[in-house]
Every structure is written in structure tokens, then in C-alpha cells.
Engineer: 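Below are the C-alpha cells for one structure; questions will follow.
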2 protein chains.
Amino acid sequence: MNQSIICPRFEKAVSLLSQRWTTLLIYQLLSGPQRFGTIQSSIAISGRVLSERLKDLEQQGVVKRDVIPETPVRIEYSLTEKGFSLEPILKEIENWSQTWVKKEELDD
Amino acid sequence: MNQSIICPRFEKAVSLLSQRWTTLLIYQLLSGPQRFGTIQSSIAISGRVLSERLKDLEQQGVVKRDVIPETPVRIEYSLTEKGFSLEPILKEIENWSQTWVKKEELDD
DNA sequence: TATAATAGCTTACATAAAGTAACTAAAGGA
DNA sequence: TCCTTTAGTTACTTTATGTAAGCTATTATA
């Protein structure tokens, strides 16, 4: 059978971006550092999964976690260079959506 | 709380692309029309989900299903114009992966 | 004619991922 | 001391996906 092997780097990138919420989460952080609660209220993700994703993305070097010793303590999540470098992909998706997603499909 | 509403078209596009297997499936079809079995053996998707995805993508106008009355009958899946228009997004992902995905992360 | 083979699914059941809601820990303030 | 807020975590439920067997149609083979 036609076993044209798919590039493993590409596959890895796809598996990153096709985890539920990951793309929206990164999109959200493109507008600047944000706290756990802010992210949670801007996309419909549950706390359980947000916490999981942030840890995961931190480990992959896409997101950075900063503890700011204010009072009360503040935790800020932001994109690393690797994280910001995803912007062109998101822009392409945005672009595509403007042309191809019709009003009628927006009832989810 | 910071409720900067995310564009619904963008959200829709993201939800399409972050369904498991969808991006790889489209990538695979970029190289031309293919049969059920061929797709199944080129990506690691199960028959159950492949069938589900194809129906879904067909309904969203991304994929076209053609019955070719040969002997035995042959069923070919291909991208529509809407499907092909996703190519720039996939190219960006491919690009990104070449720069940012390191050898060490490839052990999945 | 009966049996088998192949493609393209579908079905029933098992496992993994995500959602929900209640709870905890730490720190400050009333 | 008790209450509030933020940033989670935990236990449990629901949904998505994987696995493997089965089904239907068509042609090939014995």
C-alpha cells in the first residue's frame, strides 16, 4: 500500500496543534501575558484541562510560567519565542476562516 | 473579566483543524484523490474514526466522495476547492516544524 | 454452483480524554 | 478567628477514540 511516510516533525507539530484548546490558548496568549483565571474566562476550557495544557506547553517550551511575588501572589503565563513563532500559522487560519467559514455554519 | 471575544469564524476553523486526524487527513489528500484503504494505511487512524471524519468533512464541503463504477467499484475521496484552500495553513505548519521541532522530541 | 476474496464500511465493546463541581493551600484583610 | 481570592487538584461523569469482529456487495476461483 501507498506508504508515503509523513515527515515526523510535521506530525509532531500537527499533534501539538490538534490537541483540543491548544490553538485557542496560544492565540489568547499572543495578546500578552495572562493569568490562569483570565485565560479560563476567555476561552471555554475547564480548569482541569487548562492546568494540564499549561504544564504540557511549558514542558514543550511554548509557554513560560512566572510567579510574581505580589500580594496576593500572581502567576503569569506568556509565550516563549517558540510560542510566538506560531503566529503565522494562526494568521493563516484566521485568513482562511474569513473567506471560507460561512455565517450558516456558525451555530455551534 | 477580560472577555475579548474571539472571532467565531476563527473559532470554527480552529475547531475543524483541531479534531484529531483531520489535519493529517487533509494533508494526505493534498497529494491527490485516494481510497478509504489507502488513507487508512498512510495515517494511523482507525476505520471507525476515518469513516466518521470523511462524512463530517464531506458535509462541511472540504472533501468530496466519488463512486467510480469500475469493477470492483472504487470509492475515491478528494479535496474540494475549500479543502485545497487549506494548503497554506499546512505549509506554515510544515515550515514551523522544520525550525522548531527538535530531534529529541521525536520519540512518540 | 458453492466458496472464497476484497473493499468499504458498521457495530459492540474497551480505554482514554475532557467536562463538572466540590475541595484545598497560601496569603492577606476584617 | 474567620472570610476572601487565586491557582490549582481530586473524584466522578460524559464524550471521543481505539479494537476487533461482522456485514454487504461484487468478482474470482474451485
Side-chain angles (χ1 to χ4, degrees), chain A residues 1-3 6 11-12 14-29 32-60 62-79 108, chain B residues 1-3 6 11-12 14-29 32-60 62-79 108:
Chain A
M1 330 304 172
N2 175 344
Q3 281 294 30
I6 294 177
E11 274 195 271
K12 186 82 207 291
V14 166
S15 87
L16 171 70
L17 292 170
S18 58
Q19 285 235 78
R20 205 167 190 175
W21 300 114
T22 299
T23 306
L24 282 183
L25 176 45
I26 291 167
Y27 181 80
Q28 196 58 28
L29 289 178
Q34 279 168 62
R35 317 172 64 162
F36 194 93
T38 311
I39 299 170
Q40 207 182 348
S41 60
S42 61
I43 61 186
I45 194 173
S46 70
R48 204 188 61 70
V49 175
L50 177 54
S51 163
E52 199 173 292
R53 286 292 179 280
L54 286 169
K55 273 185 201 155
D56 206 67
L57 290 171
E58 202 189 339
Q59 216 185 302
Q60 295 188 65
V62 172
V63 160
K64 190 165 46 93
R65 179 183 191 270
D66 289 304
V67 178
I68 297 168
E70 279 179 0
T71 205
V73 75
R74 206 152 64 94
I75 302 206
E76 254 188 19
Y77 291 96
S78 55
L79 295 176
D108 65 293
Chain B
M1 330 299 175
N2 176 343
Q3 280 296 28
I6 294 177
E11 274 196 89
K12 186 83 208 290
V14 166
S15 87
L16 170 70
L17 293 170
S18 57
Q19 286 235 79
R20 205 169 192 174
W21 299 115
T22 299
T23 306
L24 282 183
L25 176 45
I26 291 167
Y27 181 79
Q28 196 58 27
L29 289 178
Q34 281 169 61
R35 317 171 64 162
F36 193 94
T38 311
I39 298 170
Q40 207 182 349
S41 59
S42 60
I43 61 186
I45 194 173
S46 71
R48 204 187 63 69
V49 175
L50 178 54
S51 163
E52 198 173 294
R53 287 292 180 279
L54 286 169
K55 271 184 201 156
D56 206 67
L57 291 171
E58 201 189 340
Q59 215 186 301
Q60 295 187 64
V62 172
V63 160
K64 190 164 45 98
R65 180 182 191 270
D66 290 304
V67 177
I68 296 168
E70 278 180 358
T71 204
V73 75
R74 206 154 62 96
I75 303 203
E76 253 188 18
Y77 293 96
S78 55
L79 295 177
D108 63 293

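A, B, ... follow the sequence lines: proteins, then strands. Residue 1 opens every chain.
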Engineer: Using a 3.5 Å distance criterion without hydrogens, assess whether the side chain of B:Gln34 forms a donor-acceptor pair with backbone atoms of B:Gln28.
Structural biologist: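 At least one qualifying donor-acceptor pair exists.
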Engineer: Do you know which of B:Glu58, B:Lys64, B:Arg35, B:Arg65 makes side-chain hydrogen bond (donor to acceptor under 3.5 Å, both in side chains) with B:Tyr77?
Structural biologist: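 It is B:Arg65; the other options fail the test.
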Engineer: Starting from the first five and the last five pairs of the helix from C:dT1-D:dA30 to C:dA30-D:dT1, work out the angle between the resulting helix axes, to 10 degrees.
Structural biologist: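 The two end axes of the helix from C:dT1-D:dA30 to C:dA30-D:dT1 meet at 30°.
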Engineer: Please compare A:Val49 and B:Glu76 by the position of their nearest nucleotide in DNA chain C and report the one closer to 5'.
Structural biologist: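 Of the two residues, B:Glu76 wins.
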Engineer: Check whether any side-chain N or O of B:Ser41 sits under 3.5 Å from a backbone N or O of B:Gly37 as a donor-acceptor pair, and report yes or no.
Structural biologist: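 Present.
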Engineer: Considering only heavy atoms of chain B and a distance under 4.0 Å, specify the first and last nucleotide of DNA chain C in 5' to 3' order that meet this criterion.
Structural biologist: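 Nucleotide range with atoms under 4.0 Å of chain B: C:dA7 to C:dA12.
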Engineer: Which atoms of nucleotides 8-14 of chain D (N or O only) lie under 3.5 Å from a protein N or O atom, and what are those distances?
Structural biologist:
{"unit_1": "D:dG8", "atom_1": "OP1", "unit_2": "A:Arg65", "atom_2": "NH2", "d": "2.9"}
{"unit_1": "D:dG8", "atom_1": "OP2", "unit_2": "A:Tyr77", "atom_2": "OH", "d": "2.4"}
{"unit_1": "D:dT9", "atom_1": "OP1", "unit_2": "A:Lys55", "atom_2": "NZ", "d": "3.1"}
{"unit_1": "D:dT9", "atom_1": "OP2", "unit_2": "A:Ser51", "atom_2": "OG", "d": "2.6"}
{"unit_1": "D:dT9", "atom_1": "OP2", "unit_2": "A:Lys55", "atom_2": "NZ", "d": "3.2"}

Engineer: Just how far is it from atom CG of B:Leu29 to atom CD1 of B:Ile39, taken to the nearest 0.5 Å?
Structural biologist: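 Rounded to the nearest 0.5 Å, the CG-CD1 separation comes out at 4.5 Å.
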Engineer: With sequence neighbours excluded, tell me which residues meet side chain to side chain contact (heavy atoms under 4.5 Å, CB included) with B:Arg48.
Structural biologist: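 With sequence neighbours excluded, B:Arg48 shows a side chain to side chain contact (heavy atoms under 4.5 Å, CB included) to B:Ser46, B:Glu52, given in chain and number order.
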Engineer: Roughly, in whole Å, what's the span from CG in A:Leu50 to P in D:dA7?
Structural biologist: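 It is 10 Å, rounded to the nearest whole Å.
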Engineer: Identify, with sequence neighbours excluded, every residue that meets side chain to side chain contact (heavy atoms under 4.5 Å, CB included) alongside A:Arg20.
Structural biologist: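 Scan of A:Arg20 (side chain to side chain contact (heavy atoms under 4.5 Å, CB included), adjacent residues dropped) gives A:Arg53.
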Engineer: Of the non-hydrogen atoms in B:Ile45 and B:Gln40, which two are nearest, and what is the gap between them?
Structural biologist: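 Taking B:Ile45 first and B:Gln40 second, the nearest heavy atoms are O-CG, 3.6 Å.
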Engineer: Minimum heavy-atom separation for B:Leu50 and B:Phe36, please, with both atom names.
Structural biologist: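 It is CD2-O, 3.6 Å.
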Engineer: Output all residues satisfying side chain to side chain contact (heavy atoms under 4.5 Å, CB included) with A:Glu70, sequence neighbours left out; order by chain, then residue number.
Structural biologist: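 With neighbours one apart ignored, the set is A:Ile68, A:Arg74.
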Engineer: Going by heavy atoms in the side chains, are B:Leu17 and A:Leu17 under 4.5 Å from each other?
Structural biologist: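 No, every pair of side-chain atoms sits at 4.5 Å or beyond.
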